[in-house]
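Atoms considered below: every heavy atom in the structure, side chains included; atoms not considered: hydrogens, waters and symmetry mates. We count ligands from 1, going down the list as the structure has it; atoms in each ligand are counted the same way. Quick note: residue numbers are just sequence positions, from 1.
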Amino acid sequence: MEIRFSPEEEAFRAAAREWLATNMPRTKRPESADLHARRDWDMAWQRRKYDAGWAGISWPREFGGRGATLMEQLIWYEEYARAGAPDVNTGFVGLNHAGPTLIACGTEEQKRYHLPRILRGDVVWCQGFSEPNAGSDLAALQTRAEFDGDHLVVTGQKIWTSFGHIAEFQELLVRTDPAAARHAGITWVICPMDSPGIEIRPIKTLAGNSDFCEVFYDQVRIPLANVVGKLNDGWRVAMATLSFERGTAFMSEQVRLSRRMEELVALARQTTHGDRRTIDDDEIARRLALATAEVEAMRAMTYRSLSLAARTGMPGPEASMIRLFFSELVQRIDVLAMEILGSSAVTGFAADGAPHDEWAERYLTGLSQTIGGGTKEIQRNIIGERVLGLPR
Ligand SMILES: Cc1cc2nc3c(=O)[nH]c(=O)nc-3n(C[C@H](O)[C@H](O)[C@H](O)COP(=O)(O)OP(=O)(O)OC[C@H]3O[C@@H](n4cnc5c(N)ncnc54)[C@H](O)[C@@H]3O)c2cc1C
């Protein structure tokens with residue numbers, strides 16, 4: 001592992017810093033409840049990065065990426081977070097799941113069609129993996145696809161589909177061979193969300209928005225050309241998708257956390273408890289110091305995981321260690337923020353419980369960190385079985 005940056009990497013960092021300093025969005029992303037306005041804002045920013053050559057840093061050049069190394073990708077994320085640039089938000093699935101999965105497992109035609117559209121901000125993707133009876137136990141999924149000539153005909157239901165109602169495409173897992181062993185009869189397919197037979201019902205969340213949906217499929221016809229990987233090989237492709245979700249997708253999030261810690265320390269300096277500043281409370285100061293150190297520890301873990309992924313092309317099961325550590329750390333930081341705010345935290349929530357203040361919103365949305373992308377228990381199972389080699 002080489003932790004120093006080469007002169008080329010330092011030059012890349014300087015160029016990224018300079019571009020971000022002059023090109024960052026000047027307006028704020030619209031209110032989180034207005035999903036369509038959020039989408040337009042996110043896609044316009046994505047387009048701006050694409051036009052300047054800063055989209056898909058490590059994606060192949062032939063498909064619109066920058067063709068840079070994974071280390072440069074990390075440097076970009078560091079500079080991006082340092083500048084306070086906006087997270088990918090509605091672009092998350094396309095940029096962090098579907099794109100990397102297509103690069104690893106898609107056909108030339110699929111890559112040529114989809115990758116530039118994702119990078120240009122032309123399309124939003126969503127993920128149709130979870131079902132009412134298949135979450136942690138994803139291999140229990142029952143949405144079935146039957147063969148009809150050169151099409152699959154899909155019938156069933158998905159749930160917790162983030163951004164389903166504003167997406168053009170979905171990475172969809174279907175059961176193509178009900179007679180095969182659970183993991184063997186699944187296929188990963190690209191589903192156009194405007195296909196006849198799809199019904200989408202938004203679900204309102206604790207945080208007051210409707211980012212999630214239920215998606216129902218009634219005889220939805222999808223061309224066989226949309227299968228990614230081979231028929232009945234969807235489990236392998238899905239594991240690639242999840243490894244990106246648990247691994248490289250979190251590079252940027254963790255960098256963002258160190259910025260949040262700086263804001264939290266500033267908040268503890270500004271607020272008072274009784275007649276003294278909150279930061280002068282020894283226990284608060286201790287927890288701020290610990291969280292700051294933990295964020296630094298996570299950065300070191302990320303560098304290590306990245307240097308492994310750079311050699312193998314894909315994040316390994318160690319990515320679950322970072323994902324788990326990150327999700328629990330976020331929640332500790334969110335609770336600390338609420339304690340620093342003290343009783344004034346309550347004013348961050350409206351009468352119906354929805355947050356209207358950034359810290360309140362982070363606290364509520366942070367609760368999902370130990371569920372999405374695999375719960376903390378599932379991450380611990382993966383670490384136990386695949387990293388430590390413990391018996392099942
Ligand atoms: C913010 C967010 C966004 C999401 N976006 C999407 C999306 O876009 N697309 C999509 O398909 N899904 C999405 N999901 C769904 C997510 O993948 C599932 O919620 C997750 O996989 C857990 O499944 P479940 O909710 O069915 O819980 P369950 O699997 O029913 O788990 C319930 C509880 O049992 C525990 N448990 C289950 N099995 C085991 C075990 N073997 N060992 C120990 N404990 C166990 C779990 O840890 C959990 O505490 C999202 C979820 C969140 C929170």
Side-chain angles (χ1 to χ4, degrees), residues 32 35 38-39 87-99 101 124-143 154 156-175 182-183 186-191 193 198 200-217 234-235 237-239 241-246 249-250 253 320 323-324 326-328 330-331 334 355 361-386 390-392:
S32 68
L35 204 48
R38 239 161 87 197
R39 177 211 154 107
D87 62 26
V88 286
N89 211 274
T90 55
F92 185 85
V93 177
L95 290 164
N96 290 338
H97 292 190
T101 306
V124 164
W125 278 65
C126 63
Q127 181 190 40
F129 282 19
S130 306
E131 296 183 4
N133 291 312
S136 301
D137 187 11
L138 187 57
L141 66 91
Q142 289 167 0
T143 296
V154 175
Q157 185 199 341
K158 297 288 171 178
I159 195 167
W160 313 127
T161 311
S162 307
F163 313 127
H165 38 347
I166 55 160
E168 275 81 15
F169 294 102
Q170 181 179 50
E171 41 183 43
L172 176 63
L173 286 185
V174 290
R175 188 161 296 286
R182 277 164 29 110
H183 295 82
I186 294 171
T187 298
W188 199 111
V189 64
I190 301 167
C191 174
M193 291 302 280
I198 293 186
I200 302 171
R201 297 185 199 158
I203 304 171
K204 193 165 178 182
T205 71
L206 182 67
N209 58 34
S210 292
D211 287 8
F212 287 140
C213 304
E214 291 178 289
V215 184
F216 297 85
Y217 309 79
W235 189 255
V237 184
M239 289 307 106
T241 310
L242 291 178
S243 76
F244 292 118
E245 176 169 24
R246 289 166 187 164
F250 271 85
E253 292 305 310
S320 284
R323 180 72 185 89
L324 174 66
F326 168 80
S327 57
E328 294 186 329
V330 167
Q331 291 178 350
D334 291 340
E361 180 163 6
R362 284 170 183 162
Y363 171 72
L364 287 187
T365 52
L367 297 173
S368 67
Q369 287 289 351
T370 46
I371 304 172
T375 67
K376 60 183 179 197
E377 288 79 15
I378 294 304
Q379 307 293 358
R380 286 198 161 85
N381 285 350
I382 294 171
I383 295 166
E385 289 161 18
R386 292 205 255 142
L390 299 175
R392 284 174 70 91

key: Close-contact set for ligand 1 against S368 heavy atoms, below 4.0 Å   = 1 (C), 53 (C)
message = Under 4.0 Å from a heavy atom of G372: which atoms of ligand 1 are those, numbered in the order shown and with their elements?
response = 51 (C), 52 (C), 53 (C)
inquiry  = Would you say OH of Y217 has more than 12 non-hydrogen atoms from neighbouring residues, nucleotides or ligands within 6.0 angstrom?
reply    = yes
task = Look at ligand 1 and say whether F212 reaches it with a heavy atom at a distance under 4.0 Å.
result = yes
Taking only distance into account, with no hydrogens and no angle test, what donor-acceptor pairs under 3.5 Å do side-chain atoms of residues 132-140 form with protein atoms, sequence neighbours excluded?
{"from": "D137", "atom 1": "OD1", "to": "R182", "atom 2": "NH2", "distance (Å)": "2.7"}
{"from": "D137", "atom 1": "OD2", "to": "R182", "atom 2": "NH1", "distance (Å)": "3.3"}

ask   = Short check: is a protein heavy atom less than 4.0 Å from atom 32 (C) of ligand 1?
value = no
ask   = Who's the nearest protein heavy-atom neighbour of atom 42 (N) of ligand 1, and how far?
value = N381 ND2, 3.2 Å
note = atom 11 (O) of ligand 1 sits nearest the protein heavy atom S130 N, 2.7 Å
Polar proximity ligand 1 side, E131 side, N/O cut 3.5 Å exclusive = no
query = Parallel, tilted or perpendicular: which describes the rings of H97 and F92, with under 30° parallel and over 60° perpendicular?
reply = perpendicular
inquiry  = Working note: T241 + E171, criterion side-chain hydrogen bond (donor to acceptor under 3.5 Å, both in side chains); need CA distance, chi angles, decisive distance, verdict.
reply    = CA-CA 9 Å; T241 310; E171 41 183 43; 5.0 Å; no
note = For W235 and H183 the tightest heavy-atom approach is CE2-CD2, 3.2 Å
key: Nearest protein heavy atom under 4.0 Å from atom 20 (C) of ligand 1, yes or no   = yes
query = At what distance is the nearest protein heavy atom to atom 38 (N) of ligand 1, and which residue and atom is it?
reply = S136 CB, 3.7 Å
query = How does D211 reach ligand 1, if at all, at less than 4.0 Å between non-hydrogen atoms: by side chain, backbone, both, or neither?
reply = neither
remark   = In this structure, atom 5 (N) of ligand 1 is nearest to the protein heavy atom S162 OG, 2.8 Å
request  = Compare every heavy atom of I159 with every heavy atom of E131, then report the nearest pair and how far apart it is.
outcome  = C-CG2, 3.6 Å
request  = Would you please test E214 and Q157 for side-chain hydrogen bond (donor to acceptor under 3.5 Å, both in side chains) and show each step?
outcome  = CA-CA 7 Å; E214 291 178 289; Q157 185 199 341; 3.2 Å; yes
query = So, is the end of the R39 side chain (NZ or CZ) under 6.0 Å from the ring centre of F163 and within 45° of the ring's axis?
reply = no
ask   = To which protein heavy atom is atom 25 (O) of ligand 1 closest, and what is the distance rounded to 0.1 Å?
value = W160 NE1, 4.0 Å
query = What residue pairs, at least two apart or across chains, pass salt bridge (charged side-chain N to carboxylate O under 4.0 Å, His left out) with a residue in residues 364-380?
reply = E328-R380
key: Nearest protein heavy atom with distance in Å, relative to atom 9 (N) of ligand 1   = Q127 O, 2.8 Å
query = Looking only at protein heavy atoms, which one is nearest to atom 44 (N) of ligand 1, and how far off is it?
reply = E377 CB, 3.4 Å
Proximity of V93 to ligand 1 by residue part, where a heavy atom lies under 4.0 Å = neither
query = Under 4.0 angstrom from atom 51 (C) of ligand 1, is there any protein heavy atom?
reply = yes
request  = Enumerate the atoms of ligand 1 whose separation from the nearest heavy atom of T375 is less than 4.0 angstrom.
outcome  = 22 (C), 46 (C), 47 (O)
note = The atoms of ligand 1 lying under 4.0 Å from a heavy atom of F129, numbered in the order shown, are 11 (O)
query = Among all protein non-hydrogen atoms, which one is nearest to atom 26 (O) of ligand 1, and what is the separation to 0.1 Å?
reply = G135 CA, 3.3 Å
task = For the pair Q369 and S327, evaluate side-chain hydrogen bond (donor to acceptor under 3.5 Å, both in side chains) and give the outcome as yes or no after the intermediate values.
result = CA-CA 5 Å; Q369 287 289 351; S327 57; 5.9 Å; no
message = So which atom in I166 and which in V124 form the shortest heavy-atom distance, rounded to 0.1 Å?
response = O-CB, 3.6 Å
ask   = Does the K158 side chain pair with the main chain of L173, one donor and one acceptor, at a distance under 3.5 Å?
value = yes
Contact check: D137 vs ligand 1, nitrogen or oxygen atoms, below 3.5 angstrom = no
